[in-house]
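Down below is the structure, laid out as structure tokens.
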Amino acid sequence: MPKNPALARLPGFRDFPPEDLAVRSHIFRAWREACRRYGFQEYDGPPLEPLDLYTEKSGEEIVGQLYAFRDRGGRHVALRPEMTPSLARILAERAQALPKPIRWFSIPQLFRYERQQRGRLREHFQWNADIVGEAGVGADAEVVALAVDALRILGLGPQDFRVRVSHRQLVSALLLGSGVAPDKLPVAFGVVDKLERESRQRSLDRLRQECGLGVSEAEAVLQLFESSDLERAAEVHGEDPEVAGALADLRSLRQVLDEMGMGPFVEFDLRIVRGLAYYTGMVFELFDRKGELRAVCGGGRYDRLLELVGGEPLPAVGFGMGDVVLGELLAERNLIPSYRRAVDLFVAAVSEAQRELLHRIVAAQRAAGKSVVYPLRHQPLRRQLATAAAEGAERAVLLGPGEVERGVAKVRDMATGREVEVPLQALLAGKGGDGDGNA
RNA sequence: GUGGGCGUAGCUCAGGUGGUUAGAGCGCCAGGUUGUGGCCCUGGAGGUCGCCGGUUCGAGUCCGGUCGCUCACCCCA
């Protein structure tokens, strides 16, 4: 706690001391490794953007939570709350010249002025991965598989999380086919989104009162969305070409994921809606199995967005995965590696007389690529070794008057305590730091 | 944005019904002779008890407000 409260960390923002940064890096490494395996390239953009980039296309939820202000030039600007608009702009400028499909990813820090809660801060890092320029379900499957694989790299399995997949057009066609008027669609989507959190009766009431459905129609809609497979939708609305097309896509998506061995992670659930306005096809969210945490990841197909931002009409599909909820899930499953410091060498001098030699050896070993620390002022050898252990040194070089006189030094293996003598010549040549006495 | 719970050292926590200079363990720093870490011994730093105000002779203990954290709702990443 700082002495001056005015200097305290802002609510919803995080400091990252080394132990915490290590966790973050661990997650980033997995994200980048998954992207490498899938052939995705990393990009980034500015954290501060013109306010209009978001007010135009992002929808009111996001706009209402922007960190927005005027800069010194009088421009209306905002800290980026999501990455997709920036991606759309970047691609609007150069998508034409890029080979398709474009597989790009980024790990931006995003900002939203919201009341903070577990899993929801005012700032987070969000892995964004998108495939642009491919409209087929192959791209949808690839993107879902990428999200799943990143979590597998982190050690999570089918017992830990699942992907729930839905389809905007399918849901839309099913609602229309069930008697919902086109202008009531947004409200109906809202009801579907809340199906899990509101009572069945409340949902029925809302379908009737807010969406203008009759009793039997409302009941039929509920049964449609309560079933976990798509059979009922196919039976009841299979003749509708919109429904048939979307169902074919979803089946095909499922097949690809099954062939990749990801079947155990994937299930269909038409109650997944996603808040963002710009999704046009498949949508998915990734949840922990216990259902205790917020969604770890969400995404889908957004074929119109790039066009809306003034670019080429390019189909796109992608997702965002935040570091906060994922970190909580990993912690809960004990999948965060314990933090430990580590250096290759600690160089200790028994007395001040070996100080000059110590500096020469330290420099030589560092030049040879070793990580090396040493006491910045003289201390008893006992303390130096304690420090070496605390620094996580693999080996300690001990410079004492006796050995130095004979042109050697002891190299101690900190784990076993075994010591070997190594010629000073070797140490000064950047060798011998591995405890190889013959170096 | 709405409502509930919580707020004592870096961390985990003690501090019956208000009573002197607020404690412990761990961690941190230093010492235990210029030759050997994990153990041990000694000493030390570190808290305006989240903050502001009120009640009282006296408040870490009671009351109000505020800020922060947290849970649920809202919403969403």
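Per chain, numbering begins at 1; letters A, B, ... match sequence-line order. The basis for the numbers below is simple: all heavy atoms, side chains too, and nothing from hydrogens, waters or symmetry mates.
- Rounded to the nearest Å, the gap between the C1' atom of G32(B) and that of G37(B) is 15 Å.
- A cation-pi arrangement is present between Arg254(A) and Phe268(A) under the rule of less than 6.0 angstrom and at most 45 degrees off the ring axis.
- Taking atom C1' in both G60(B) and C6(B), one finds a spacing of 15 Å when rounded to whole Å.
- For the C1' atoms, the distance linking U36(B) with A22(B) amounts to 41 Å, nearest Å.
- For Phe265(A) and Phe161(A), the ring centers are positioned less than 6.0 Å apart.
- Residue Lys194(A) has a polar side-chain atom (N or O) positioned under 4.0 Å from OP1 or OP2 of C75(B).
- Rounded to whole Å, the distance from CZ on Arg112(A) to P on G1(B) is 16 Å.
- Between G54(B) and G15(B), the distance separating the two P atoms is 29 Å to the nearest Å.
- For the pair Arg122(A) and Tyr67(A), the cation-pi criterion (under 6.0 Å, within 45° of the ring axis) is not fulfilled.
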Query raised in the report: What one-letter contact string describes nucleotides 32-40 of chain B from 5' to 3', where B marks a base within less than 4.0 Å of any protein heavy atom, S marks contact via sugar-phosphate atoms alone, and - marks no contact?
Result: BSBBBBB--

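- With both ends at atom P, the span from C67(B) to U20(B) equals 33 Å, rounded to whole Å.
- Arg301(A) forms no cation-pi arrangement with Tyr279(A), by the criterion of a distance under 6.0 Å to the ring centre and an angle within 45° of the ring axis.
- Asp269(A) and Ser166(A) are not linked by any side-chain donor-acceptor pair at a separation below 3.5 angstrom, with hydrogens and angles left out of the test.
- Aromatic pair Trp127(A)/Phe28(A): centroids not less than 6.0 angstrom apart.
- Remark: RNA chain B takes part in the stems B:1-7 with B:67-73, B:10-13 with B:23-26, B:28-32 with B:40-44, B:50-54 with B:62-66, each of 3 or more antiparallel Watson-Crick or G-U pairs, criterion distances under 3.5 Å.
- Between the CG atom of Leu110(A) and the P atom of A77(B) there is a distance of 11 Å, rounded to whole Å.
- Spacing between atom CD of Gln65(A) and atom P of C74(B) amounts to 15 Å, rounded to whole angstrom units.
- Listed by first and then second residue, the ring pair (Phe, Tyr, Trp, His ring centres under 6.0 Å) pairs involving residues 336-360 of chain A are His359(A)-Tyr374(A) (not counting sequence neighbours).
- Note: CD (Glu19(A)) to C1' (G27(B)) measures 12 Å, nearest angstrom.
- A cation-pi contact, defined as under 6.0 Å to the ring centre and within 45° of the axis, links Arg164(A) to Phe287(A).
- Distance CD (Gln379(A)) to C1' (G31(B)): 12 Å, rounded to an integer number of Å.
- Comparing the C1' positions of U8(B) and A59(B) gives a spacing of 14 Å, expressed to the nearest Å.
- Atom P of C39(B) sits at a distance of 14 Å from the matching atom of C29(B), rounded to the whole Å.
- Atom-to-atom, OH of Tyr54(A) to C1' of A77(B) comes out at 14 Å; the value is rounded to the nearest Å.
- Here the separation of A77(B) from U2(B), taken at their C1' atoms, is 22 Å to the nearest Å.
- Spacing between atom CZ of Arg377(A) and atom P of C29(B) amounts to 10 Å, rounded to whole angstrom units.
- Under the 6.0 Å cut-off for aromatic ring centres, Tyr38(A) and Phe105(A) do not qualify, their centroids lying 6.0 Å or more apart.
- Counting any heavy atom pair closer than 4.0 Å across all strands shown, Gly12(A) reaches sugar-phosphate atoms only and no base atom.
- Whole-Å rounding puts the Glu328(A) CD to A77(B) P distance at 17 Å.
- Side-chain contact of Ser86(A) with Glu49(A): a donor-acceptor pair under 3.5 Å is present, judged by distance alone.
- Using a 4.0 Å heavy-atom distance criterion, Leu286(A) is classed as making no nucleic acid contact.
- Taking only side-chain nitrogens and oxygens, Arg120(A) never comes nearer than 4.0 Å to OP1 or OP2 of C73(B).
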